[in-house]
K.L.:
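Sending over a structure as structure tokens; questions will come in a sec.
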Amino acid sequence: NAGVTQTPKFRVLKTGQSMTLLCAQDMNHEYMYWYRQDPGMGLRLIHYSVGEGTTAKGEVPDGYNVSRLKKQNFLLGLESAAPSQTSVYFCASTGQGDSPLHFGNGTRLTVT
Amino acid sequence: DQQVKQNSPSLSVQEGRISILNCDYTNSMFDYFLWYKKYPAEGPTFLISISSIKDKNEDGRFTVFLNKSAKHLSLHIVPSQPGDSAVYFCAAKVGYKLSFGAGTTVTVRA
């Protein structure tokens, strides 16, 4: 049982380049989330999804887009990367009710 | 505007002693609170939670206390062990969204 899997683990981009981060979960969870972690800021919610085909903005959505075409996958896209998007990105998922979030191991992104 | 605050960036404690981590929140709509533990190069893992209708929840060496009137929660770890050295995040939930504090780095000294 893999849980939440994020790819890639590391990536270096130049300013203006685009990329997509992939998150896959095998727990049949309805809800999926993308967070970014920065020093002194904790985890901040970028976008989330409450079900297949739905997405919503979190605290820091600017510069990111997401898609949830399949229940098990949640994609985070950067159309034109900026140095301010250098961060560690975590995907998480959860089922109904107050069950806790399950996190992937993160993607470390550096934008130069 | 951070709705969940952990004002102590770090905590150092001797092995065998109690670790107390604190967390304050501003949104009175939060109805569920959680603590996560994070090791380097790994994702956060769930530790313990508490519903807003309770004031205490215990799981082995970990106890979470909730004071709703003060909008404050705390995590007690007794006794502290070397494997407890990690970053601890406090989190609060309303609806579908979970908000996190900035984290407290705990170092357990032998």
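These figures come from a predicted structure and were not determined experimentally. Letters A, B, ... are given to chains in the order of the sequence lines, protein chains preceding strands, and every chain is numbered from 1.
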K.L.:
Working to the nearest 0.5 Å, report the span between CZ of F103(A) and CZ of F89(B).
P.N.:
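Separation between the atoms: 9.0 Å.
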
K.L.:
With a 4.5 angstrom heavy-atom cut-off, could you sort out which part of A41(B) is near chain A: side chain, backbone, both or neither?
P.N.:
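For A41(B), the backbone is the part near chain A, not the side chain.
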
K.L.:
To the nearest 0.5 Å, how far apart are CZ in F46(B) and OG1 in T94(A)?
P.N.:
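Here the interatomic distance stands at 10.0 Å.
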
K.L.:
Compare every heavy atom of G40(A) with every heavy atom of A102(B), then report the nearest pair and how far apart it is.
P.N.:
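For A102(B) and G40(A), the tightest heavy-atom pair comes out as CB-O, 3.5 Å.
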
K.L.:
For P44(B), which atoms come within 4.5 Å of any heavy atom of chain A: side chain, backbone, both, or neither?
P.N.:
both

K.L.:
What part of L98(B) gets closer than 4.5 Å to chain A, counting heavy atoms only: side chain, backbone, both or neither?
P.N.:
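Both parts, backbone and side chain.
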
K.L.:
Side-chain heavy atoms under 4.5 angstrom apart, residues restricted to Ile, Leu, Val, Met, Phe, Trp, Tyr: same cluster for Y33(A) and L21(A)?
P.N.:
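Each belongs to a different hydrophobic cluster.
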
K.L.:
Check for me, please, whether L76(A) and V88(A) land in the same ILVMFWY cluster - side-chain distances under 4.5 Å, paths through other members count.
P.N.:
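No, no single cluster joins them.
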
K.L.:
Quick check on the interface: out of R44(A), H102(A), K9(A), Q37(A), who has the most heavy-atom pairs with chain B under 4.5 Å?
P.N.:
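Of the options given, most contacts go to Q37(A).
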
K.L.:
Once you measure the plane-to-plane angle for Y48(A) and Y96(B), does it fall in the parallel (<30°), tilted (30-60°) or perpendicular (>60°) bin?
P.N.:
tilted

K.L.:
Within a reach of under 6.0 Å around CZ of R17(B), are more than 12 heavy atoms found that belong to other residues, nucleotides or ligands?
P.N.:
no

K.L.:
How about CE on M41(A), more than 12 heavy atoms from neighbouring residues, nucleotides or ligands closer than 6.0 Å, or not?
P.N.:
no

K.L.:
Could you tell me which portion of L43(A) (side chain, backbone, both or neither) has an atom closer than 4.5 angstrom to a non-hydrogen atom of chain B?
P.N.:
both

K.L.:
Report the distance from atom CD of E59(A) to atom CD of Q2(B), rounding to the nearest 0.5 Å.
P.N.:
8.0 Å

K.L.:
Is there a chain of hydrophobic side chains (I, L, V, M, F, W, Y, each step under 4.5 Å between heavy atoms) that links V60(A) to W34(A)?
P.N.:
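Looking at the clustering, W34(A) is in the same group as V60(A).
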
K.L.:
Within a radius of less than 6.0 Å around CD of E79(A), do more than 12 heavy atoms belonging to other residues, nucleotides or ligands occur?
P.N.:
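Open.
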
K.L.:
With sequence neighbours left out, which residue pairs that include part of residues 32-52 of chain B fulfil the side-chain hydrogen bond (donor to acceptor under 3.5 Å, both in side chains) condition?
P.N.:
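Applying side-chain hydrogen bond (donor to acceptor under 3.5 Å, both in side chains) to every pair that reaches into residues 32-52 of chain B, excluding sequence neighbours, yields Y32(B)-S49(B), K37(B)-Y39(B).
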
